[in-house]
Amino acid sequence: METVITRFAPSPTGYLHIGGARTALFNWLYARNRNGKFILRIENTDLQRSTKESTEAIFEGLTWLGIDWDEGPYFQTDRFDLYKEYAQKLFDAGRAYYCRCTPEELEAKRKISLERDGKVKYDGTCRGKELSPGDDTVLRFAADPSGNTPLNDKVKGGIIFNNEDIDDFIILRRDGTPTYNFAVVIDDVTMNVNTVIRGDDHVSNTPKQIQIYKALGAAVPAFAHAPMVLGKDKSRLSKRHGAMSVTAYREMGYLPEALINYLVRLGWSYGDQEFFTRGDLIEKFSLEHIGRSAGVFDPDKLLALNGEHIRSTPVSELAERLIPFLEKRGIHETPGPYLEKAVETLVQRSKTLEEMAESAVFYFSDTVAYDEKAAAKCLKPDAAEPVRVLIERLEDMEDFDEKSLEDAFKDVMEKTGLKLGKIAQPVRVALTGRTASPGIFEIVGILGKDKVIRRLSDALEFIESSS
RNA sequence: GUCCCCAUCGUCUAGCCCGGUCCAGGACACCGGCCUUUCACGCCGGCGACAGGGGUUCAAAUCCCCUUGGGGACGCCA
């Protein structure tokens, strides 16, 4: 069977966004699933808008997501000679002609025809004039004037375009650079791309491209147009909808595995399964299960999924990935048992690494910063007694294992006549500064005798001084 | 305006191709409850959809048509 060759061809005019990442993912996954080849190509024929920074950002985003490419990156700017060569072929074959209409004239024509019959199509003024190339000419493709161009889309099914709706579009600009609809085809032909997976905002370009393939006598690839990703208001995704760049999610503490899982699942399904590892995705991905309708990006679901991925990631690995987030808070921690134990207590309570780092601060700081409300609620005078008793009891202890801690707290309960809840909350605030935290025994065990007693004493002091 | 696509819970979706097993299943969110030293996790339960109208058929979420709604494309952008 023929080797599947797919590609991701972004234009470097901004960061890698959610929608682009999903397209990349679909192509990559399909290639991996079919044991094919995945190519990365940068479509930078628009010299004005393409930037080096955007190109770097795209590489960075893809790399973080774990999307690797087998070939490329290719840059269209390195291939201008090739486009000219193919343009010449079309010209020689009578399938392209020079046009001298100015942008202003075209604009006027568009306006008139739009008013007349609602159609916006080049009227073919220069077709048949046999103009020769010059500074003031563009090269246009001579499209089929009649008949139709069928597209057999892998996800949309069959679509038939009337050739009368397809105009003689420009393939080489006045400055000799190729336009998108022409360059993609030349690239895909010369790179042997046989499966084009892209957003369905490209469907209406497809018949134009198919005509180029045919005019060139090249094999038409399989097309799969995936539905769009929309924002909450069902309009096309944009900055208005919040964080849209892939790297923004990295910064917010999302795991690439989770983003991938979410993005792929948005528009593709595998029965009722929601959770997928990278391996699952590669194994199970198929074009047949890409949906036909557009989907709304739901940050809540992504967040929930991220929590799930965190819970299924080995603690040692999480610990390592957490370090940058601790650094951001001025905490310089190295991998090791202490970090890992701390992480272990936070896994179920964290939906992002960012959140985990925030909750982990008390494990690493010298003094505890009390949350105002927490202190007001729990570090009141009536908390002094149990805290004092606990300190005394703890001071006599050698081992801080769970069993002996439990006994210690029981003793405090007996001596003070208080329920565990009444004792645990003040202690929790004394140790962490907050009312919500991992289990008290866990924390005490990890922090160790010295830190625990110091923090309890600090709290006692706080209670006394503020009463 | 013209062309194209789409249409199941608020959202992502299963089911649709090969009509009956669907008074429509799962997930997120939301609301209850259980567990419990807090918060989570986990578990149990609830709320909640086949856009509307016509056909076809013994039978339609599933097939056909229309309407409506949404999206996309109409660039010397990609």
Side-chain angles (χ1 to χ4, degrees), chain A residues 9-13 43-46 48-50 76 99 101-103 106-107 110 113-121 137-140 151 153 156-157 159-162 164-167 169-181 183-184 198-207 225 227-228 230 232 234-236 262 265-275 288-289 291-305 307-308 311 345-351 359 374 378 409 419-425 427-429 432 434-441:
Chain A
S11 65
T13 52
E43 309 223 321
N44 57 349
T45 58
D46 186 338
Q48 266 71 42
R49 299 200 303 157
S50 300
Q76 290 186 322
C99 165
C101 299
T102 66
L106 293 171
E107 180 59 35
R110 261 195 291 273
S113 79
L114 185 66
E115 276 166 19
R116 193 181 56 232
D117 57 6
K119 292 188 174 153
V120 182
K121 183 183 168 185
T137 59
V138 297
L139 188 65
R140 281 185 187 274
L151 159 64
D153 198 88
K156 300 273 178 195
I159 304 171
I160 294 170
F161 295 89
N162 194 328
E164 282 165 20
D165 295 327
I166 300 166
D167 72 352
F169 56 99
I170 292 168
I171 60 178
L172 288 185
R173 300 182 183 100
R174 197 165 295 231
D175 64 4
T177 59
T179 58
Y180 167 74
N181 279 124
V184 239
R198 60 191 359 176
D200 71 10
D201 48 338
H202 283 287
V203 261
S204 50
N205 285 323
T206 312
H225 288 97
M228 305 258 81
L230 309 176
K232 189 154 183 57
K234 301 223 176 196
S235 73
R236 200 178 178 148
Y262 176 73
R265 200 42 249 283
L266 210 193
W268 173 83
S269 63
Y270 189 77
D272 281 340
Q273 191 174 338
E274 300 277 355
F275 184 92
E288 294 77 67
H289 287 104
R292 287 167 302 268
S293 49
V296 174
F297 181 80
D298 180 5
D300 282 339
K301 188 151 187 177
L302 168 58
L303 184 66
L305 202 50
E308 232 180 298
R311 273 172 259 133
T345 67
L346 262 14
V347 170
Q348 287 158 305
R349 298 165 231 271
S350 312
K351 291 211 162 52
S359 322
C378 300
F409 273 78
K419 284 189 182 169
L420 184 53
K422 280 286 175 191
I423 304 168
Q425 279 311 82
V427 172
R428 189 184 310 282
V429 176
T432 71
R434 307 172 174 202
T435 52
S437 81
I440 287 292
F441 301 148

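Not measured: the values here are computed from a predicted model.
- A:R292 contributes no side-chain N or O that forms a donor-acceptor pair with the base of B:C6 under 3.5 Å.
- B:C77 atom C1' lies 12 Å from atom CD of A:Q76, rounded to whole Å.
- For A:L420, whose side chain is taken as the heavy atoms from C-beta onward, the closest listed nucleotide among B:U37, B:G1, B:C3 is B:U37.
- For B:C63 and B:G15, the C1' atoms lie 16 Å apart once the distance is rounded to whole Å.
- Comparing B:C77, B:A29, B:U13 by their closest approach to the side chain of A:D46 singles out B:C77.
- B:C12 and B:G54 are spaced 32 Å apart, taking the C1' atom of each and rounding to whole Å.
- Rounded to whole Å, atom P of B:C3 lies 20 Å from atom NE2 of A:H225.
- Under the Watson-Crick or G-U wobble criterion, with both distances below 3.5 Å, B:C50 is left unpaired in every strand shown.
- Without hydrogens or angle criteria, A:T432 side chain to A:R434 main chain gives a donor-acceptor distance under 3.5 Å.
- Distance CZ/A:F169 to CG/A:N181: 5.5 Å, rounded to 0.5 Å.
- Comparing the C1' positions of B:A60 and B:C22 gives an interatomic distance of 11 Å, to the nearest angstrom.
- Between A:K234 and B:U11, a side-chain N or O to OP1/OP2 separation shorter than 4.0 Å is present.
- Side chain A:D201 to base B:A78: no donor-acceptor pair is found below 3.5 Å.
- Atom NZ of A:K422 and atom P of B:U38 are 13 Å apart (whole Å).
- Comparing B:U37, B:U13, B:G71 against the side chain of A:S269 picks out B:U13 as the nearest.
- Comparing B:G72, B:C3, B:G10 by their nearest atom to the side chain of A:R236 picks out B:G72.
- Taking atom CD1 of A:I171 as the reference point, atom P of B:A78 lies 13 Å away to the nearest angstrom.
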N/O-N/O pairs, protein side and nucleotides 23-25 of chain B side, under 3.5 Å:
{"unit_1": "B:G25", "atom_1": "N2", "unit_2": "A:D272", "atom_2": "OD1", "d": "2.7"}

If you apply the rule side-chain hydrogen bond (donor to acceptor under 3.5 Å, both in side chains), what do you find for A:T13 with A:R49, and how did you get there? CA-CA 6 Å; A:T13 52; A:R49 299 200 303 157; 5.2 Å; no
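- Out of B:C39, B:C77, B:G71, the shortest distance to the side chain of A:R173 is found at B:C77.
- Atom-to-atom, CG of A:D165 to C1' of B:C4 comes out at 9 Å; the value is rounded to the nearest Å.
- Comparing A:A294 and A:P438 by the nucleotide of RNA chain B that holds the closest heavy atom to each, the one mapping nearer the 5' end is A:A294.
- Of the candidates B:A29, B:C5, B:G1, B:A29 carries the atom nearest the A:A304 side chain, counting heavy atoms from C-beta on.
- Remark: A:R311 is not in phosphate contact with B:C41, judged by side-chain N or O atoms under 4.0 Å from OP1 or OP2.
- Salt-bridge formation is not detected for the pair A:E308/A:R311: no Lys NZ or Arg NE/NH1/NH2 atom is positioned less than 4.0 Å from an Asp or Glu carboxylate oxygen.
- Atom NE2 in A:H289 sits about 14 Å away from atom P in B:C17, given to the nearest Å.
- A 3.5 Å limit on both hydrogen-bonding distances identifies B:G20 as the Watson-Crick or G-U partner of B:C58.
- Taking atom C1' on both nucleotides, B:U62 is separated from B:A24 by 11 Å, rounded to a whole Å.
- Under 4.0 Å is where a charged nitrogen must lie from a carboxylate oxygen, and between A:D201 and A:R236 at least one such pair does.
- B:C77 and B:G71 have their P atoms separated by 27 Å, with the value rounded to a whole Å.
- Between the A:R265 side chain and the A:Q273 main chain, a donor and an acceptor come within less than 3.5 Å of each other.
- Looking at the side chain of A:R428, the nearest of the listed nucleotides B:U38, B:G72, B:A78 is B:U38.
- When Watson-Crick and G-U wobble pairs are counted only if both distances are under 3.5 Å, B:U68 pairs with B:A7.
- The base of B:C77 is paired with the side chain of A:R49 by a donor and an acceptor separated by under 3.5 Å.
- A:F441 comes within 4.0 angstrom of a nucleotide base, judged by non-hydrogen atoms across all strands.
- To the nearest whole angstrom, the two C1' atoms, one in B:G45 and one in B:A51, are 30 Å apart.
- Distances shorter than 4.0 Å separate some side-chain N or O of A:T45 from OP1 or OP2 on B:A78.
- Checking B:C12, B:U38, B:G42 against every side-chain atom of A:E274, the shortest atom distance belongs to B:C12.
- Searching all strands for a Watson-Crick or G-U wobble partner of B:C74 with both distances below 3.5 Å returns B:G1.
- Following rounding to the nearest Å, A:Q348 (CD) and B:C35 (C1') show an atom-to-atom distance of 13 Å.
- Using a 4.5 Å cut-off on side-chain heavy atoms (C-beta onward), A:T45 and A:R173 make contact.
- Side chains of A:T177 and A:D175: a donor-acceptor N/O pair is present below 3.5 angstrom, by distance only.
- The side chain of A:K301 has B:C28 as its nearest neighbour among B:C28, B:A40, B:A78.
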Decide side-chain contact (heavy atoms from CB on, under 4.5 Å) for A:F409 and A:L420; before the verdict, give the C-alpha distance in whole Å, the side-chain angles of both, and the deciding distance to 0.1 Å. CA-CA 8 Å; A:F409 273 78; A:L420 184 53; 3.8 Å; yes
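- Residue A:I160 is the one, among A:I160 and A:Y180, whose nearest nucleotide of RNA chain B lies closer to the 5' end (criterion: closest heavy atom).
- In this structure, A:Y180 and A:H202 have tilted ring planes: the angle between them lies in the 30° to 60° band.
- The CG-P distance, from A:D167 to B:C74, rounds to 11 Å in whole Å.
- As the counterpart of B:C34, B:G42 is assigned, both hydrogen-bonding distances of the Watson-Crick or G-U wobble pattern falling under 3.5 Å.
- Which of B:C5, B:G75, B:A40 sits closest to the side chain of A:K351 comes down to B:A40.
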